[in-house]
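I have placed the structure first, in the form of structure tokens, so that the comments after it can refer back to it.
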Amino acid sequence: MEDNQERVHTGFEIEVNAPYSLNYLIYVQNIFLNSRNQDRETPLFPYVDSSKWGILDGEFEQTYKEVWEETLNNNYLSGMYDHNGILDLDKALFQKLFENNETGVFGYLESVKSFLAWWDGIYGKIAIESIFDEDRMNKIYKELSKSINADKRLKIDLIYDRPILTGQSESSWYAILTIQDVFAFRYKQRPEVISNLLKCCEVN
């Protein structure tokens, strides 16, 4: 799916993508959180048995934050970083979330297989990106254009759930939005979406 973009005379653009790397990390985050709270009334997606995957135990949360920050930075620095083979090409990074043994290697491969079975289907990446359709993009674009007069591109990476273990991150002209943010903005339930995006655009 091609990146969605909207252009006007100012040269200000929005580029939207749903990256493999960040959404895989959200996927693993939710698996970990489900395993730590099996009595959760509404489990996070996905709800799978990862007991034999060798996911880190005591060190998981700190390691996850480090891997998340490095992955964010990689996506921020290069639009070419993320692609459908990144979980294999950069597996040394993502595999840090698993034990450094055969069990961890097996677990990482199983997690990737499980993730891609969903993400590569029409109900994964394509469905997530379609949530940010032309109508929603135009509404956000028009709101941002009221305050931005710059010939720059704002890159927005979509993730399917909240980054619970890391919180939101801000970088210059680079933003992370959850699909919850997009829906909430459309129904005027989360007006801070625009103010948060403007912070990323260095608008005072």
Side-chain angles (χ1 to χ4, degrees), residues 1-8 10-30 32 56 59-98 108 111-112 115-116 119-120 124-126 128-129 131-132 136-137 140-141 144-145 147-182 192-204:
M1 177 177 178
E2 294 183 358
D3 295 331
N4 297 311
Q5 295 181 14
E6 180 73 17
R7 301 171 183 239
V8 292
T10 63
F12 169 55
E13 300 177 342
I14 293 178
E15 173 187 340
V16 180
N17 183 43
Y20 281 80
S21 53
L22 294 177
N23 280 284
Y24 168 75
L25 289 177
I26 294 295
Y27 193 84
V28 175
Q29 168 199 262
N30 287 358
F32 171 79
L56 290 179
E59 301 174 354
F60 181 86
E61 294 189 33
Q62 180 58 41
T63 303
Y64 184 90
K65 291 176 183 177
E66 294 169 0
V67 172
W68 176 265
E69 287 301 320
E70 185 170 343
T71 305
L72 269 184
N73 192 54
N74 289 339
N75 278 286
Y76 171 64
L77 293 176
S78 174
M80 302 297 291
Y81 172 73
D82 194 272
H83 52 81
N84 62 3
I86 192 60
L87 298 177
D88 180 55
L89 185 66
D90 207 4
K91 64 182 177 181
L93 173 62
F94 302 107
Q95 204 165 317
K96 290 179 181 179
L97 299 172
F98 297 78
Y108 176 67
S111 72
V112 171
F115 171 73
L116 293 179
W119 193 246
D120 281 342
K125 179 177 172 69
I126 294 174
I128 299 301
E129 289 183 330
I131 288 170
F132 207 118
R136 291 183 177 95
M137 171 174 282
I140 289 180
Y141 181 82
L144 291 174
S145 296
S147 302
I148 296 175
N149 185 21
D151 295 342
K152 285 192 174 185
R153 173 181 295 182
L154 172 62
K155 178 181 178 183
I156 298 175
D157 277 346
L158 288 176
I159 52 178
Y160 80 89
D161 208 348
R162 293 179 298 125
I164 297 171
L165 296 178
T166 61
Q168 292 296 108
S169 302
E170 294 180 7
S171 298
S172 178
W173 295 93
Y174 175 60
I176 304 296
L177 279 185
T178 68
I179 57 176
Q180 293 95 330
D181 292 329
V182 178
E192 69 272 15
V193 167
I194 294 300
S195 60
N196 290 337
L197 289 174
L198 287 174
K199 289 179 183 177
C200 297
C201 298
E202 302 176 330
V203 176
N204 297 321

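Everything quoted here is computed from the prediction, not taken from an experiment. These values consider heavy atoms only, across backbone and side chains, with no hydrogens, waters or symmetry-generated copies.
Thr166 has its side chain out of reach of Leu25: every pair of non-hydrogen atoms, C-beta onward, lies at least 4.5 Å apart. For the pair Tyr160 and Tyr27, the minimum side-chain heavy-atom distance is below 4.5 Å. Between Leu87 and Trp119 the shortest side-chain heavy-atom distance does not fall below 4.5 Å. Within the 4.5 Å cutoff, the side chain of Asn84 has no heavy atoms near those of the Lys125 side chain. Looking at Ile26 and Arg162, their side chains never come closer than 4.5 Å, going by heavy atoms from C-beta outward. Annotation: side chain of Phe98 is in contact with side chain of Ser111 (closest heavy-atom distance under 4.5 Å). Residues Tyr24 and Tyr20 fail the side-chain proximity criterion, which asks for heavy atoms closer than 4.5 Å. Counting only heavy atoms from C-beta outward, the side chains of Ile140 and Phe132 approach each other to under 4.5 Å.
Although no hydrogens or angles enter the test, the distance criterion places no donor-acceptor pair under 3.5 Å between the side chain of Asp90 and the main chain of Ile86. Within the 3.5 Å criterion, the main-chain N or O of Glu15 finds no donor-acceptor partner in the side chain of Arg153. Between the side chain of Gln29 and the backbone N or O of Leu165, at least one donor-acceptor pair lies under 3.5 Å.
Of the inter-residue distances, the one linking Ile148 atom CD1 with Glu13 atom CD reads 12.0 Å to the nearest 0.5 angstrom. Atom CG in Leu177 sits 8.5 Å away from atom CG in Asn196 (nearest 0.5 Å). The distance from atom CD1 of Ile14 to atom OG of Ser145, rounded to the nearest 0.5 Å, is 7.0 Å. Residue Ser195 holds its OG atom at 10.0 Å from CG of Leu144, rounded to the nearest 0.5 Å. Rounded to the nearest 0.5 angstrom, Ile179 CD1 and Ile131 CD1 are separated by 4.0 Å. With rounding to the nearest 0.5 Å, the separation of OG in Ser172 from NZ in Lys152 is 5.5 Å.
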Between Asn75 and Tyr174, does the side chain to side chain donor-acceptor pair (under 3.5 Å) criterion hold? Intermediate values first, please.
CA-CA 9 Å; Asn75 278 286; Tyr174 175 60; 4.7 Å; no

Decide side-chain contact (heavy atoms from CB on, under 4.5 Å) for Trp173 and Cys200; before the verdict, give the C-alpha distance in whole Å, the side-chain angles of both, and the deciding distance to 0.1 Å.
CA-CA 5 Å; Trp173 295 93; Cys200 297; over 6 Å; no

May I have the step-by-step check of side-chain contact (heavy atoms from CB on, under 4.5 Å) for Val112 and Lys91, ending in yes or no?
CA-CA 10 Å; Val112 171; Lys91 64 182 177 181; over 6 Å; no

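For Phe94 against Ser21, the heavy-atom pair with the smallest separation is CZ-CB, 3.8 Å. Across Pro163 and Ile159, no two heavy atoms sit closer than the pair CD-CD1, 3.9 Å. Taking all atoms of both residues into account, the shortest heavy-atom contact from Ala18 to Asn23 is C-ND2, 3.8 Å.
For Asp181 and Thr178, the side-chain atoms include at least one donor-acceptor pair closer than 3.5 Å.
Screening Asp157, Asn17, Asn74 for a side chain to side chain contact (heavy atoms under 4.5 Å, CB included) involving Leu22 leaves a single residue, Asp157. None of Val67, Leu72, Thr71 except one satisfies the side chain to side chain contact (heavy atoms under 4.5 Å, CB included) rule with Glu69; the exception is Leu72.
More than 12 non-hydrogen atoms from other residues, nucleotides or ligands lie less than 6.0 angstrom from CD of Glu66.
Taking the centre of each ring, Tyr141 and Phe12 come in below the 6.0 Å mark.
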